[in-house]
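For reference, the structure is listed below as structure tokens.
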Amino acid sequence: TTIDCSFGDDPFFTGFPEIIQNDCDNLTANNYRFEDKILSSDCDNNYSVIRTWYVFDNCGNIDSADQRINVVDTIPPLFTQKARNLVLNCGTDGDIQQTFQDWLNNLGGAIAENNCSPNDQITWLRFISDTSNPPVFPNPSCNDGDQEILRQTVDFVAVDPCGNRDTTTATFRVIDDQRPMLDGCPADTSISTRMDNCIGDYRIYRPTITESCDLVRPTFEFRVDDGA
């Protein structure tokens, strides 16, 4: 008999002797008993039982037979809540790196339960999605016209004591949709040129740039319009 560990080795599920015959007595459930020998494995929920059934009549005559019961755990943990994506706005949502670490530590909000062992015996693993590498805070990368500056997709893996596992996947994203601010831009002005070559000198002072997102470094450029 092979049975799932959620039922255990209870005779109610693994079976009782069905045919008990005797020439002289009417035998009932009071005329049999059993003894178990447990064959353990490296997982508490995978084991075998050698169950020896004894049947006896009212005169003390006895017979026996062995039943082998294989208890197996083949069902992975069940997610009652899957990991959830998290999107932050750089510059308005506080410490991005710490929030990322908190998201990892909190398993992206994932919750799982196991059918044959306490939930606190579930082991959680975290990997960069589709790899065996642990997740790390990624380097910012901004594409032209794309407000996303950071993305990390993570597999959260729940493993039970017998090695059965299941995975839920979620993505951590950071966007930057706030423009940098310029302060101290020079005012419009007119300058006089030299009479001999129409050249004038003018010093342009760089304005102050304020960027609310500390994950990116703003660049400064200016164009000269020659008035043509």
Side-chain angles (χ1 to χ4, degrees), residues 43-45 73 75-188 203-224:
C43 170
D44 290 342
N45 295 324
D73 183 0
I75 299 176
L78 173 68
F79 291 111
T80 57
Q81 180 170 291
K82 294 188 175 183
R84 292 169 291 186
N85 298 333
L86 181 60
V87 181
L88 301 179
N89 193 310
C90 184
T92 62
D93 286 330
D95 188 335
I96 300 295
Q97 191 162 355
Q98 183 59 53
T99 303
F100 174 73
Q101 190 60 52
D102 293 342
W103 180 74
L104 290 178
N105 293 342
N106 193 42
L107 307 171
I111 301 174
E113 60 183 25
N114 196 38
N115 63 328
C116 293
S117 57
N119 294 338
D120 60 7
Q121 292 185 12
I122 295 175
T123 300
W124 286 91
L125 306 174
R126 306 163 185 81
F127 301 105
I128 296 175
S129 186
D130 295 328
T131 76
S132 58
N133 301 320
V136 294
F137 191 73
N139 293 323
S141 177
C142 186
N143 298 319
D144 290 341
D146 189 352
Q147 294 178 338
E148 181 180 276
I149 61 171
L150 187 150
R151 170 188 287 260
Q152 186 68 280
T153 301
V154 177
D155 291 337
F156 297 94
V157 184
V159 187
D160 73 13
C162 289
N164 303 301
R165 62 178 58 198
D166 201 2
T167 301
T168 176
T169 302
T171 299
F172 180 89
R173 298 174 59 230
V174 178
I175 62 173
D176 179 14
D177 59 2
Q178 303 297 314
R179 296 179 178 179
M181 303 295 294
L182 294 177
D183 186 42
C185 290
D188 294 342
R203 176 173 293 181
I204 299 177
Y205 292 93
R206 180 174 176 171
T208 301
I209 304 174
T210 302
E211 171 59 63
S212 60
C213 178
D214 58 6
L215 296 177
V216 297
R217 177 176 296 178
T219 58
F220 177 80
E221 65 180 32
F222 67 91
R223 295 187 296 270
V224 176

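No hydrogens, no waters, no symmetry mates; every other heavy atom, side chains included, goes into these values.
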Any donor and acceptor pair, going by atom type alone, linking the side chain of [X] with main-chain N or O of [Y] inside 3.5 Å?
X	Y	answer
Asp155	Phe127	no
Gln81	Gly109	yes
Asn114	Ile122	no
Gln152	Val136	yes

Output the distance between atom [atom1] ([X]) and atom [atom2] ([Y]), rounded to the nearest 0.5 Å.
X	Y	atom1	atom2	value
Arg151	Ile175	CZ	CD1	11.5 Å
Asp160	Ile75	CG	CD1	9.5 Å
Leu86	Thr171	CG	OG1	10.5 Å
Ile149	Asn89	CD1	CG	8.5 Å
Ser117	Asn164	OG	CG	9.5 Å
Thr169	Phe156	OG1	CZ	8.5 Å

Write down the atom of [X], the atom of [Y], and the distance for their closest heavy-atom approach.
X	Y	value
Cys116	Asp73	CB-OD2, 4.2 Å
Thr168	Ala110	CG2-CB, 3.9 Å
Cys90	Val174	CB-CG1, 3.7 Å
Ala112	Asn119	O-CG, 4.0 Å

Please table the atom pairs, donor to acceptor, closer than 3.5 Å between any side-chain atom in residues 101-108 and protein atoms at least two apart or in another chain.
residue, atom, partner, partner atom, Å
Gln101, NE2, Asn105, OD1, 3.1
Asp102, OD1, Gln98, NE2, 2.8
Trp103, NE1, Arg84, O, 3.1
Asn105, ND2, Gln101, O, 3.3

Practice prompt. Give me the ring orientation class for Phe100 and Phe137: parallel if the planes are under 30° apart, tilted from 30 to 60°, perpendicular past 60°.
Written response: perpendicular

Discussion item. Other residues, nucleotides and ligands only: do more than 12 of their heavy atoms fall within 6.0 Å of CG on Asp44?
Written reply: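 At most 12 heavy atoms, drawn from other residues, nucleotides or ligands, come within 6.0 Å of this atom.
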
